[in-house]
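For the numbers below, each heavy atom of this structure counts, side chains included, while hydrogens, waters and symmetry mates do not. Order of listing sets the numbers, starting from 1, for every ligand and every atom in it. Since we're looking at a predicted model, the values are computed, not measured.
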Amino acid sequence: LNYEYCDQLIRDFEDVVEQPIVSKSSVYYTGVDLGTACVVLAVLDENYKPVAGAYRYADVVRDGMVVDYIGAIKVVRELKQELEVKLDAELIYGAAAIPPGTDILDSGAVKNVVQAAGFELTNLLDEPTAANKVLGIQNGAVVDIGGGTTGISILKNGEVVYIADEPTGGTHFSLVVSGAYGMSFKEAELYKREPRNHKELLPVLKPVVEKISSIINQHIKNHDVKEIYLVGGTCCLTGIEDIIEKNTGIFTHKPQNPMFVTPLGIAFSC
Ligand code: ATP
């Protein structure tokens, strides 16, 4: 495993989200990540180098399920068009991912959203497998703390062998901030995302992080997990990794920008 490679890749992606690289690539691969809080598109060139990316906070998916089908298509289509203008190229191939365990219920909806937005769908895989294309874990647990839920996936010899999804995530953090500061949910959500507020917020949010840690402990107790890898937007909270490491007693690695791991992994699977 190469943390440096993984972090450099994500740093490169962060750069191209700010400033796309216009190249003469013969083909582009796009990863589409439809999340509860956020829709992210990651674009790689013919050499699988990140060249562009875009994201938008949107309320089109809840706990991995598409709840606003038309809205989801609109967001993906708009982000696609925005990137096509910036790259001066057409984005043809797209891949997507679904939370593990939701395939029977929702893979059809996710597939249709990506196709209706104008992509030729080349792959539909589960989120931890996608994240692992970037993380390259052989043995360990991927903990994906998103908006609505926390997903725990255990990998052995590079394969996902156990999955769980529990309904505690970033939304609960925002509710706690809202209650503690007397803010509306929307204000609390924005306040929470701002990195300069994280130091002040961490003690307020610690009980929720401890609750998530106990959920992790419950699911990994029958497995020999030596490392935890944090992904998902909620892991952007500065210091969350230290609380999780302390409460689980397991080495916890937080990649550079955990929100971008899965979308990049999806693009690698395109
Ligand atoms: P789910 O996995 O539950 O379907 P999702 O895929 O939309 O949700 P992510 O995009 O991984 O989830 O994460 C969204 C969550 O991350 C939201 O609750 C959001 O408030 C939180 N989040 C995003 N950026 C930050 C930040 N900088 N600091 C703290 N929390 C953040």
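Listed by number with element, the atoms of ligand 1 under 4.0 Å from a non-hydrogen atom of K192 are 18 (O), 19 (C), 20 (O), 21 (C), 28 (N), 29 (C), 30 (N). Near G170, meaning under 4.0 Å from any of its heavy atoms, are these atoms of ligand 1: 18 (O). In summary, the atoms of ligand 1 found under 4.0 Å from a heavy atom of E189, numbered by their order in the structure, are 17 (C), 19 (C), 20 (O). Contact atoms of ligand 1 toward G232: 11 (O) (distance under 4.0 Å to a heavy atom of the residue). Atoms of ligand 1 lying under 4.0 Å from at least one heavy atom of H198, given by number and element, are 28 (N), 29 (C). Of all atoms in ligand 1, listed by their number and element, those nearer than 4.0 Å to a heavy atom of T149 are 3 (O). For ligand 1, the atoms sitting less than 4.0 Å from at least one non-hydrogen atom of C236 are 25 (C), 26 (C), 27 (N), 28 (N), numbered in the order shown with element in parentheses.
The N/O atoms of L34, backbone and side chain alike, include none that comes under 3.5 Å of an N/O atom in ligand 1.
Contact annotation: E127 has no heavy atom less than 4.0 Å from any atom of ligand 1. For the ligand labelled ligand 1, residue T234 lies inside the 4.0 Å heavy-atom shell. A heavy-atom separation below 4.0 Å is not found between F173 and ligand 1.
Evaluation of the ring-ring contact (aromatic ring centres under 6.0 Å, His included) rule for Y69 yields no partner, not counting sequence neighbours.
Note on ring orientation: taking the six-membered ring where Trp is involved, the planes of Y57 and Y55 are perpendicular (angle over 60°, cut-offs 30° and 60°). In this pair, Y162 and H219 present their aromatic rings tilted. The plane angle is within the 30 to 60° band. Between Y229 and Y3, the two ring planes are tilted [angle within 30° to 60°].
With respect to the salt-bridge test (charged N to carboxylate O, under 4.0 angstrom), the residues K192 and E189 qualify.
Proximity of Y57 to ligand 1, defined as any heavy-atom pair under 4.0 Å, is confined to the side chain (atoms from C-beta onward).
Compare A97, G148, G147 by their heavy atoms: the one nearest to atom 12 (O) of ligand 1 is in G147. With distances taken over non-hydrogen atoms, the option nearest atom 21 (C) of ligand 1 out of G233, C235, P258, G169 is G233.
Each of K199, R196, H198 was checked for a side chain to side chain donor-acceptor pair (under 3.5 Å) with T238, and the lone residue meeting it is H198.
Every pair passing salt bridge (charged side-chain N to carboxylate O under 4.0 Å, His left out) that includes a residue from residues 244-262 is listed here, sequence neighbours excluded: E241-K254.
Taking all atoms of both residues into account, the shortest heavy-atom contact from F13 to L41 is CZ-O, 3.8 Å.
Residues V40 and V85 are members of separate hydrophobic clusters, defined by side-chain heavy-atom contacts under 4.5 angstrom among Ile, Leu, Val, Met, Phe, Trp and Tyr.
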